[in-house]
2 protein chains.
Amino acid sequence: MERIAPISDNDEDVAVREQGDAFLPRFDAAGLLTAVAQDAATGEVLMVAFMDAEALEATRETGLAHFHSRSRGRLWKKGETSGHVLAVEAILVDCDQDALVLKVRPAGPACHTGARSCFYRAVQDGALTRVIG
Amino acid sequence: MERIAPISDNDEDVAVREQGDAFLPRFDAAGLLTAVAQDAATGEVLMVAFMDAEALEATRETGLAHFHSRSRGRLWKKGETSGHVLAVEAILVDCDQDALVLKVRPAGPACHTGARSCFYRAVQDGALTRVIG
(Lines give C-alpha, C1' and ligand atoms only; values in the text may rest on other atoms or scores of the structure.)
Protein backbone atom coordinates (compact mmCIF):
# COMPACT_ATOMS: atom_id res chain seq x y z
CA MET A 1 0.00 0.00 0.00
CA GLU A 2 1.15 3.46 -0.60
CA ARG A 3 2.54 5.16 2.44
CA ILE A 4 3.97 8.58 3.02
CA ALA A 5 7.34 7.06 3.78
CA PRO A 6 8.64 3.50 3.85
CA ILE A 7 8.64 1.82 7.24
CA SER A 8 12.10 1.21 8.65
CA ASP A 9 13.58 0.17 5.33
CA ASN A 10 16.75 1.39 3.74
CA ASP A 11 16.64 2.95 0.29
CA GLU A 12 18.13 -0.08 -1.41
CA ASP A 13 15.46 -2.39 -0.03
CA VAL A 14 12.74 0.02 -1.08
CA ALA A 15 14.10 0.27 -4.62
CA VAL A 16 14.27 -3.51 -4.93
CA ARG A 17 10.72 -3.88 -3.66
CA GLU A 18 9.23 -1.07 -5.74
CA GLN A 19 11.17 -1.28 -8.97
CA GLY A 20 12.54 -4.80 -9.09
CA ASP A 21 11.11 -7.89 -10.72
CA ALA A 22 11.32 -10.07 -7.60
CA PHE A 23 8.05 -11.01 -5.94
CA LEU A 24 8.70 -10.27 -2.27
CA PRO A 25 5.29 -10.31 -0.61
CA ARG A 26 5.33 -8.33 2.57
CA PHE A 27 3.20 -9.84 5.30
CA ASP A 28 2.34 -7.78 8.36
CA ALA A 29 3.08 -8.64 11.98
CA ALA A 30 0.14 -11.06 11.94
CA GLY A 31 1.52 -12.75 8.82
CA LEU A 32 -1.17 -11.30 6.56
CA LEU A 33 -1.51 -9.08 3.54
CA THR A 34 -4.63 -7.61 1.98
CA ALA A 35 -6.11 -9.18 -1.14
CA VAL A 36 -8.75 -7.49 -3.29
CA ALA A 37 -10.72 -9.77 -5.62
CA GLN A 38 -11.80 -7.92 -8.74
CA ASP A 39 -13.97 -9.33 -11.51
CA ALA A 40 -11.64 -9.66 -14.49
CA ALA A 41 -14.46 -9.05 -16.95
CA THR A 42 -16.36 -6.17 -15.36
CA GLY A 43 -13.78 -4.56 -13.08
CA GLU A 44 -16.18 -4.77 -10.14
CA VAL A 45 -14.53 -5.20 -6.76
CA LEU A 46 -16.07 -8.38 -5.36
CA MET A 47 -14.52 -8.79 -1.94
CA VAL A 48 -11.57 -7.92 0.27
CA ALA A 49 -9.90 -10.52 2.46
CA PHE A 50 -6.56 -11.49 3.93
CA MET A 51 -3.91 -13.93 2.78
CA ASP A 52 -1.08 -15.48 4.69
CA ALA A 53 1.82 -17.24 2.97
CA GLU A 54 -0.11 -20.53 2.93
CA ALA A 55 -3.14 -18.95 1.25
CA LEU A 56 -0.98 -17.23 -1.32
CA GLU A 57 0.83 -20.46 -2.13
CA ALA A 58 -2.47 -22.39 -2.41
CA THR A 59 -3.86 -19.69 -4.71
CA ARG A 60 -0.82 -19.81 -6.98
CA GLU A 61 -0.74 -23.59 -7.07
CA THR A 62 -4.43 -24.19 -7.74
CA GLY A 63 -5.44 -21.07 -9.66
CA LEU A 64 -8.36 -20.66 -7.23
CA ALA A 65 -8.50 -17.89 -4.64
CA HIS A 66 -7.61 -18.99 -1.11
CA PHE A 67 -7.59 -16.69 1.88
CA HIS A 68 -6.79 -16.90 5.56
CA SER A 69 -9.89 -16.96 7.72
CA ARG A 70 -9.14 -14.93 10.81
CA SER A 71 -12.29 -16.18 12.52
CA ARG A 72 -11.42 -19.83 12.04
CA GLY A 73 -7.68 -19.41 12.08
CA ARG A 74 -7.17 -21.56 9.03
CA LEU A 75 -6.77 -21.72 5.28
CA TRP A 76 -10.03 -20.91 3.52
CA LYS A 77 -10.68 -21.86 -0.06
CA LYS A 78 -13.20 -19.32 -1.29
CA GLY A 79 -16.29 -21.27 -2.34
CA GLU A 80 -15.32 -24.42 -0.45
CA THR A 81 -18.91 -24.68 0.82
CA SER A 82 -20.93 -22.71 -1.73
CA GLY A 83 -19.04 -23.82 -4.82
CA HIS A 84 -18.66 -20.16 -5.73
CA VAL A 85 -14.95 -20.32 -6.34
CA LEU A 86 -12.90 -17.52 -7.83
CA ALA A 87 -10.67 -18.57 -10.73
CA VAL A 88 -7.61 -16.34 -10.69
CA GLU A 89 -6.55 -14.94 -14.05
CA ALA A 90 -3.87 -12.57 -12.77
CA ILE A 91 -2.26 -11.43 -9.54
CA LEU A 92 -1.20 -7.79 -9.33
CA VAL A 93 1.00 -6.48 -6.53
CA ASP A 94 1.31 -2.93 -5.27
CA CYS A 95 4.37 -0.74 -4.93
CA ASP A 96 5.49 -1.93 -1.51
CA GLN A 97 4.20 -5.46 -2.02
CA ASP A 98 1.83 -5.62 0.93
CA ALA A 99 -1.42 -5.72 -1.04
CA LEU A 100 -2.60 -7.83 -3.98
CA VAL A 101 -5.33 -7.50 -6.57
CA LEU A 102 -6.65 -10.81 -7.85
CA LYS A 103 -8.28 -10.59 -11.26
CA VAL A 104 -10.87 -13.33 -11.07
CA ARG A 105 -13.67 -15.12 -12.88
CA PRO A 106 -16.35 -15.83 -10.25
CA ALA A 107 -18.32 -19.09 -10.42
CA GLY A 108 -21.27 -17.46 -8.64
CA PRO A 109 -22.12 -14.67 -6.21
CA ALA A 110 -18.95 -13.67 -4.38
CA CYS A 111 -20.75 -12.65 -1.20
CA HIS A 112 -22.11 -15.15 1.32
CA THR A 113 -25.31 -13.03 1.38
CA GLY A 114 -25.95 -14.02 -2.23
CA ALA A 115 -24.98 -10.65 -3.66
CA ARG A 116 -22.73 -10.56 -6.72
CA SER A 117 -20.24 -8.47 -4.75
CA CYS A 118 -19.80 -7.91 -1.02
CA PHE A 119 -19.93 -4.19 -1.81
CA TYR A 120 -23.68 -4.06 -2.43
CA ARG A 121 -24.37 -0.89 -0.46
CA ALA A 122 -23.26 2.73 -0.75
CA VAL A 123 -23.04 5.35 1.99
CA GLN A 124 -25.44 8.14 1.12
CA ASP A 125 -26.50 10.96 3.45
CA GLY A 126 -25.28 9.00 6.45
CA ALA A 127 -27.18 5.81 5.68
CA LEU A 128 -26.72 2.83 3.37
CA THR A 129 -28.48 2.36 0.06
CA ARG A 130 -28.45 -0.91 -1.80
CA VAL A 131 -26.74 -0.45 -5.15
CA ILE A 132 -26.57 -3.99 -6.54
CA GLY A 133 -28.82 -7.03 -6.29
CA MET B 1 -14.88 -8.64 4.37
CA GLU B 2 -16.47 -11.94 3.78
CA ARG B 3 -15.72 -14.49 6.41
CA ILE B 4 -16.73 -18.07 6.82
CA ALA B 5 -18.62 -17.15 9.98
CA PRO B 6 -19.17 -13.89 11.83
CA ILE B 7 -16.79 -13.19 14.67
CA SER B 8 -18.38 -13.33 18.11
CA ASP B 9 -21.55 -11.57 17.01
CA ASN B 10 -25.08 -12.64 17.64
CA ASP B 11 -27.40 -13.22 14.71
CA GLU B 12 -29.32 -10.02 15.29
CA ASP B 13 -26.19 -7.87 15.13
CA VAL B 14 -25.08 -9.63 11.97
CA ALA B 15 -28.46 -9.08 10.31
CA VAL B 16 -28.39 -5.39 11.19
CA ARG B 17 -24.88 -5.00 9.87
CA GLU B 18 -25.39 -7.00 6.67
CA GLN B 19 -28.95 -6.14 5.72
CA GLY B 20 -29.71 -2.85 7.47
CA ASP B 21 -29.37 0.68 6.20
CA ALA B 22 -27.26 1.92 9.13
CA PHE B 23 -23.64 2.72 8.39
CA LEU B 24 -21.78 0.96 11.23
CA PRO B 25 -18.14 0.91 10.14
CA ARG B 26 -16.29 -1.85 11.90
CA PHE B 27 -12.75 -0.89 12.82
CA ASP B 28 -10.32 -3.59 13.88
CA ALA B 29 -8.38 -3.82 17.14
CA ALA B 30 -5.98 -1.18 15.82
CA GLY B 31 -8.89 1.12 14.97
CA LEU B 32 -8.51 0.61 11.24
CA LEU B 33 -10.46 -0.68 8.28
CA THR B 34 -9.31 -1.35 4.75
CA ALA B 35 -10.09 1.13 2.00
CA VAL B 36 -9.71 0.35 -1.70
CA ALA B 37 -9.53 3.34 -4.04
CA GLN B 38 -10.97 2.50 -7.45
CA ASP B 39 -11.02 4.82 -10.45
CA ALA B 40 -14.69 5.70 -10.92
CA ALA B 41 -14.27 6.05 -14.68
CA THR B 42 -12.09 3.06 -15.57
CA GLY B 43 -12.68 0.64 -12.67
CA GLU B 44 -8.95 0.32 -12.14
CA VAL B 45 -7.91 -0.34 -8.55
CA LEU B 46 -5.52 2.50 -7.74
CA MET B 47 -4.38 1.84 -4.20
CA VAL B 48 -5.22 0.10 -0.94
CA ALA B 49 -4.77 1.85 2.40
CA PHE B 50 -6.20 2.04 5.90
CA MET B 51 -8.68 4.42 7.47
CA ASP B 52 -9.39 5.10 11.09
CA ALA B 53 -12.50 6.96 12.24
CA GLU B 54 -10.75 10.31 11.83
CA ALA B 55 -9.75 9.56 8.22
CA LEU B 56 -13.23 8.37 7.37
CA GLU B 57 -14.76 11.50 8.84
CA ALA B 58 -12.30 13.75 6.99
CA THR B 59 -13.05 11.93 3.75
CA ARG B 60 -16.78 12.32 4.15
CA GLU B 61 -16.51 15.97 5.15
CA THR B 62 -14.14 17.09 2.41
CA GLY B 63 -14.97 14.71 -0.42
CA LEU B 64 -11.25 13.97 -0.75
CA ALA B 65 -9.71 10.66 0.26
CA HIS B 66 -7.95 10.68 3.63
CA PHE B 67 -6.24 7.68 5.15
CA HIS B 68 -4.41 6.82 8.33
CA SER B 69 -0.67 6.60 7.83
CA ARG B 70 0.59 3.76 9.97
CA SER B 71 4.19 4.83 9.45
CA ARG B 72 3.61 8.39 10.63
CA GLY B 73 0.80 7.58 13.00
CA ARG B 74 -1.37 10.40 11.75
CA LEU B 75 -4.10 11.50 9.41
CA TRP B 76 -2.91 11.53 5.83
CA LYS B 77 -4.67 13.46 3.11
CA LYS B 78 -3.86 11.61 -0.08
CA GLY B 79 -2.03 14.08 -2.34
CA GLU B 80 -1.20 16.49 0.48
CA THR B 81 2.34 16.78 -0.92
CA SER B 82 1.96 15.78 -4.56
CA GLY B 83 -1.36 17.46 -5.21
CA HIS B 84 -2.61 14.16 -6.58
CA VAL B 85 -5.78 14.09 -4.53
CA LEU B 86 -8.55 11.59 -4.99
CA ALA B 87 -12.03 13.14 -5.28
CA VAL B 88 -14.51 10.67 -3.84
CA GLU B 89 -17.66 10.12 -5.88
CA ALA B 90 -19.05 7.24 -3.85
CA ILE B 91 -18.26 5.11 -0.82
CA LEU B 92 -19.28 1.46 -0.94
CA VAL B 93 -19.23 -0.75 2.15
CA ASP B 94 -19.00 -4.51 2.30
CA CYS B 95 -21.28 -7.03 3.97
CA ASP B 96 -19.74 -6.90 7.44
CA GLN B 97 -18.75 -3.25 7.15
CA ASP B 98 -15.02 -3.65 7.72
CA ALA B 99 -13.90 -2.69 4.23
CA LEU B 100 -14.71 0.23 1.93
CA VAL B 101 -14.40 0.88 -1.77
CA LEU B 102 -13.93 4.52 -2.66
CA LYS B 103 -14.97 5.37 -6.20
CA VAL B 104 -12.63 8.22 -7.05
CA ARG B 105 -11.55 10.70 -9.67
CA PRO B 106 -7.75 10.96 -9.40
CA ALA B 107 -6.06 14.34 -9.96
CA GLY B 108 -2.86 12.61 -11.06
CA PRO B 109 -0.92 9.38 -10.66
CA ALA B 110 -2.18 7.61 -7.54
CA CYS B 111 1.15 5.97 -6.75
CA HIS B 112 4.07 7.83 -5.21
CA THR B 113 6.28 6.13 -7.82
CA GLY B 114 4.50 8.09 -10.53
CA ALA B 115 2.48 5.14 -11.81
CA ARG B 116 -1.22 5.63 -12.49
CA SER B 117 -1.99 2.85 -10.01
CA CYS B 118 0.07 1.29 -7.24
CA PHE B 119 -0.73 -2.06 -8.88
CA TYR B 120 1.64 -1.64 -11.81
CA ARG B 121 3.15 -5.14 -11.71
CA ALA B 122 1.76 -8.64 -12.15
CA VAL B 123 3.13 -11.90 -10.77
CA GLN B 124 4.07 -14.10 -13.69
CA ASP B 125 6.09 -17.31 -13.48
CA GLY B 126 7.35 -16.36 -10.05
CA ALA B 127 8.59 -12.90 -11.01
CA LEU B 128 7.05 -9.48 -11.54
CA THR B 129 6.22 -7.97 -14.91
CA ARG B 130 5.33 -4.33 -15.34
CA VAL B 131 1.80 -4.07 -16.70
CA ILE B 132 1.12 -0.33 -16.64
CA GLY B 133 3.24 2.74 -17.15
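All chains are named by letter (A, B, ...) in the order of the sequence lines, taking the proteins before the strands, and each is independently numbered beginning at 1. What you are looking at is a predicted structure, and each value in this text was computed from that prediction instead of being measured.
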Assigning hydrophobic clusters by single linkage (Ile, Leu, Val, Met, Phe, Trp, Tyr; side-chain heavy-atom cutoff under 4.5 Å), is L64(A) placed with V104(A)? no
Please walk me through it: do D21(A) and R130(B) pass side chain to side chain contact (heavy atoms under 4.5 Å, CB included)? CA-CA 8 Å; D21(A) 63 2; R130(B) 191 148 188 129; over 6 Å; no
If I compare all heavy atoms of G126(B) with all of F23(A), which pair ends up nearest, and what's the gap? O-CB, 4.0 Å
Check step by step if side chain to side chain contact (heavy atoms under 4.5 Å, CB included) holds for M47(B) and D94(A). CA-CA 8 Å; M47(B) 58 181 289; D94(A) 75 344; over 6 Å; no
Do V36(A) and Q38(B) make a side-chain contact, defined as non-hydrogen atoms from C-beta onward lying under 4.5 Å apart? no
Is Q124(A) in contact with chain B via its backbone, its side chain, both, or neither, using a 4.5 Å heavy-atom distance? neither
Chain B contact residues among residues 85-92 of chain A, heavy-atom distance under 4.5 Å: I91(A), L92(A)
Side chain to side chain contact (heavy atoms under 4.5 Å, CB included) filter on L24(A), not counting sequence neighbours, yields V16(A), A22(A), Q97(A)
Quick check for you: to the nearest 0.5 Å, what is the distance between E18(B) atom CD and R121(A) atom CZ? 7.5 Å
Testing D98(B), L100(B), V48(B), T34(B) one by one against V48(A) for a side chain to side chain contact (heavy atoms under 4.5 Å, CB included), which residue passes? T34(B)
When the 4.5 angstrom heavy-atom criterion is applied to V93(A) and chain B, the contacting part is both
